[in-house]
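Quantities reported herein were computed from a predicted structural model and do not represent experimental measurements.
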Amino acid sequence: MAVSTNKVNLSGLARKLVIDGLLEETAAQDAFQGALKKKQPFVSYLVENKLAPSDKIALAASQEFGAPLVDLSTFEIDVDTIKLLKDDLIKKHHALPLFKRGNRLYVALSDPTNLAALDEIKFAVGLTTEAITVEDDKLVKAIDKALEEAEGGLGDMDDDDFEDLDDLEVAEDQEKEQDDGDVDDAPVVRFVNKVLLDSIKKGASDLHFEPYEKYYRVRFRIDGVLEEVAKPPLSLSAKIAARIKVMSRLDVSERRVPQDGRIKLKLSKTKAIDFRVSTCPTLFGEKTVMRILDSDAAALQIDQLGYEDFQKELFLTNLHKPYGMFLVTGPTGSGKTVSLYTGINILNQSDINISTAEDPVEINLPGVNQVQVDERTGMTFPKALKAFLRQDPDIILVGEIRDVETGSIAVKAAQTGHMVMSTLHTNDAPQTLTRLQDMGIQAFAVATSINLITGQRLCRRLHPDYKVPIDMPREALLEEGFTEEEIEEGFTVFGPGDGGEDCPSGYKGRAGIYQVMPISDATKRLIIEGANAVQLADQAASEGIWDIRKSGLAKVRAGITSLTEVNRVTVE
């Protein structure tokens, strides 16, 4: 910072900071000149250049000039009050209207001696203005958030921030109806574009657009956890739903039944992102959920998925068997598709014929024959499987086994020399064996067709730069499921630290935790004898197979995730 040779008579807040010893007089004069040169508020200049802490400046200002001190991070911003003042005045004076009482408007300022700002605001709104002192760094964040909320989250994005919006995987005979009053609203178009772009930048996996009786909100699922990102005006609810429907080539006029669609968003000539869209009518309007289909995830190597070494060996050994079933199980959003696609990529060679039936086809895999299942056109999982068996297949992938017909055909294919890969929605590997029988598939067929079942969850990874050690007593560790031997060997339990704006949650990215369960001869006998899931789980444990909980605790010992996170996604 250049040192000014012109001496300034300090007054107001600058003089107070010098008297209190927060600033040297020379530094205060240089800062005053620097702020004038940059046309920046004096306090903002101090905080930005780390010349004095924001909280101490605010306290000094409050004590000296009698303006009450408020912590903005705990203050609920009133959008209607924000709208009393134009955006340009808020930005110009670095001032934020907080609330109105009678004919008085209370305004947040980091420098309550800024009388010019108070006078101009008073003239603009026709109300008496009173200053409230706040910390400058919190004021910056509050202004950004308030302006976005006041605009309904529309921000400053223009329509041409996106090069193009194309549609993909849409039935040819589907009507594309538009209600001009609903979809040709430029602010709504800008808002939807901005939300889609923000979701990509933040690494979200899902977007939720949710109408309620008195408000409307948008949430992102980031690293498996939902976070509210915007609360646009409730009046935009129907328009936002209509805009997304138009982009997805769904029927805009149909609001009574769920619909499914797809959006291809071209960010540049070489970069495109796909969104899977699902609408569902709720009590107060249509809820829309969008899943971001990340083609980069399909190219993951098995080492990146988080398998333990012995689990990876079991995975690969059974993946390369010439026939049988390879099943991946877990709840929605647990990474089943990525695990299957990783296996398919390993097997995808020029001498192997691979066919998949998926609903929907999430990611395009060159060299793989992918079929889109569509109940409306009659292309069902059973029909696709029957067609595959007449086309000389080596490997068949079924997106999901949902019913007895699909399961029966898949089992028969596995018993007649084909490798069949699929997913089920169950809690763990042993429950998958009983779930198939509950569908109506015979125990003998289940026992003789399945080679391996992988149960899985996704947990958030601790950010390596911000994780902090947590001291836990021995009894607590034993209660969580760690063994005496593991405790004797010694390890450190880590938790998330405060990463500030860089990483506020202390977590970054996700890792898989797995139960990789090959079907042994002893397990086959139990299946045929009608054993339940608990007995099958006991047999797996006796064979040294880790359940999902134990796999999660191993990630805690390795410092990859926290015990809190493992408890969130597994059962003790």
Side-chain angles (χ1 to χ4, degrees), residues 297-330 334-358 362-371 384-385 388-389 391-401 407 409-424 428-430 432-433 436 445-456 512-524 527 540 543-546 548 551:
L300 289 176
Q301 303 298 313
I302 190 170
D303 290 331
Q304 296 173 264
L305 297 184
Y307 286 96
E308 304 294 330
D309 289 342
F310 72 92
Q311 292 176 332
K312 182 176 75 172
E313 186 177 342
L314 288 171
F315 183 100
L316 294 173
T317 299
N318 285 275
L319 185 68
H320 287 95
K321 286 187 176 179
Y323 56 84
M325 290 187 77
F326 186 105
L327 299 177
V328 179
T329 183
S334 59
K336 298 187 298 296
T337 300
V338 171
S339 292
L340 277 186
Y341 279 13
T342 300
I344 287 291
N345 275 330
I346 292 170
L347 297 170
N348 189 10
Q349 306 294 331
S350 60
D351 59 343
I352 293 178
N353 178 23
I354 304 176
S355 296
T356 76
E358 303 170 70
E362 295 195 359
I363 298 169
N364 178 36
L365 297 173
V368 176
N369 307 293
Q370 295 175 276
V371 172
L385 286 175
F388 292 165
L389 293 172
Q391 296 210 330
D392 185 31
D394 295 305
I395 297 167
I396 296 171
L397 185 148
V398 185
E400 183 185 347
I401 296 177
I409 298 171
V411 165
K412 288 174 184 174
Q415 290 175 322
T416 54
H418 306 96
M419 166 61 80
V420 179
M421 304 175 70
S422 189
T423 70
L424 274 90
D428 59 16
T432 304
L433 297 168
L436 289 169
V446 172
T448 56
S449 61
I450 299 176
N451 293 335
L452 180 111
I453 305 172
T454 295
Q456 63 183 71
I513 52 179
Y514 303 93
Q515 178 182 33
V516 182
M517 178 179 169
I519 308 304
S520 64
D521 290 339
T523 301
K524 290 178 182 179
I527 296 169
E543 295 173 7
I545 295 168
W546 286 10
I548 294 175
S551 183

Any chance you could measure [X], atom [atom1], to [Y], atom [atom2], to the nearest 0.5 Å?
{"X": "T523", "Y": "L433", "atom1": "OG1", "atom2": "CG", "answer": "8.0 Å"}
{"X": "I450", "Y": "L436", "atom1": "CD1", "atom2": "CG", "answer": "5.0 Å"}
{"X": "I453", "Y": "T329", "atom1": "CD1", "atom2": "OG1", "answer": "8.0 Å"}
{"X": "I548", "Y": "M517", "atom1": "CD1", "atom2": "CE", "answer": "11.5 Å"}
{"X": "Q304", "Y": "T342", "atom1": "CD", "atom2": "OG1", "answer": "8.5 Å"}
{"X": "I352", "Y": "L347", "atom1": "CD1", "atom2": "CG", "answer": "5.5 Å"}

Where do [X] and [Y] come nearest, in terms of heavy atoms and distance?
{"X": "L452", "Y": "T454", "answer": "CD2-OG1, 3.5 Å"}
{"X": "K312", "Y": "I302", "answer": "CG-CD1, 3.7 Å"}
{"X": "V420", "Y": "A414", "answer": "CG2-N, 3.8 Å"}
{"X": "V516", "Y": "F315", "answer": "CG1-N, 4.3 Å"}
{"X": "Q515", "Y": "I545", "answer": "CG-CG2, 4.2 Å"}
{"X": "K336", "Y": "G330", "answer": "NZ-O, 3.2 Å"}

Counting only N and O atoms by type, is there a donor-acceptor contact under 3.5 Å from the side chain of [X] to the main-chain atoms of [Y]?
{"X": "Q311", "Y": "Y514", "value": "yes"}
{"X": "S449", "Y": "Q415", "value": "no"}
{"X": "T416", "Y": "K412", "value": "yes"}

K524 atom NZ, neighbour heavy-atom count above 12 within 6.0 Å: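 Counting neighbours around NZ of K524, more than 12 heavy atoms of other residues, nucleotides or ligands fall under 6.0 Å, so yes.
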Whether over 12 other heavy atoms sit under 6.0 Å from E543 CD: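 Enclosed.
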Side-chain donor-acceptor contacts of residues 391-401 below 3.5 Å, not counting sequence neighbours, with atom names and distances?
from: D394; atom 1: OD2; to: N353; atom 2: N; distance (Å): 2.8
from: E400; atom 1: OE1; to: R402; atom 2: NE; distance (Å): 3.3
from: E400; atom 1: OE2; to: H425; atom 2: ND1; distance (Å): 3.0

Set of residues satisfying side chain to side chain donor-acceptor pair (under 3.5 Å) with respect to Q456, sequence neighbours excluded: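 Side chain to side chain donor-acceptor pair (under 3.5 Å) check on Q456 returns S339.
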E308 and S551 side chains, donor-acceptor separation under 3.5 Å: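 No, because no side-chain N or O of S551 sits under 3.5 Å from a partner of the opposite role on E308.
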Trace of the side chain to side chain contact (heavy atoms under 4.5 Å, CB included) decision for L365 with N345: CA-CA 8 Å; L365 297 173; N345 275 330; 4.1 Å; yes
Distance-only criterion, 3.5 Å: show the donor-acceptor pairs between side-chain atoms of residues 318-327 and protein atoms not counting sequence neighbours.
from: N318; atom 1: OD1; to: K321; atom 2: NZ; distance (Å): 3.2
from: N318; atom 1: ND2; to: L314; atom 2: O; distance (Å): 2.9
from: H320; atom 1: ND1; to: L316; atom 2: O; distance (Å): 2.9

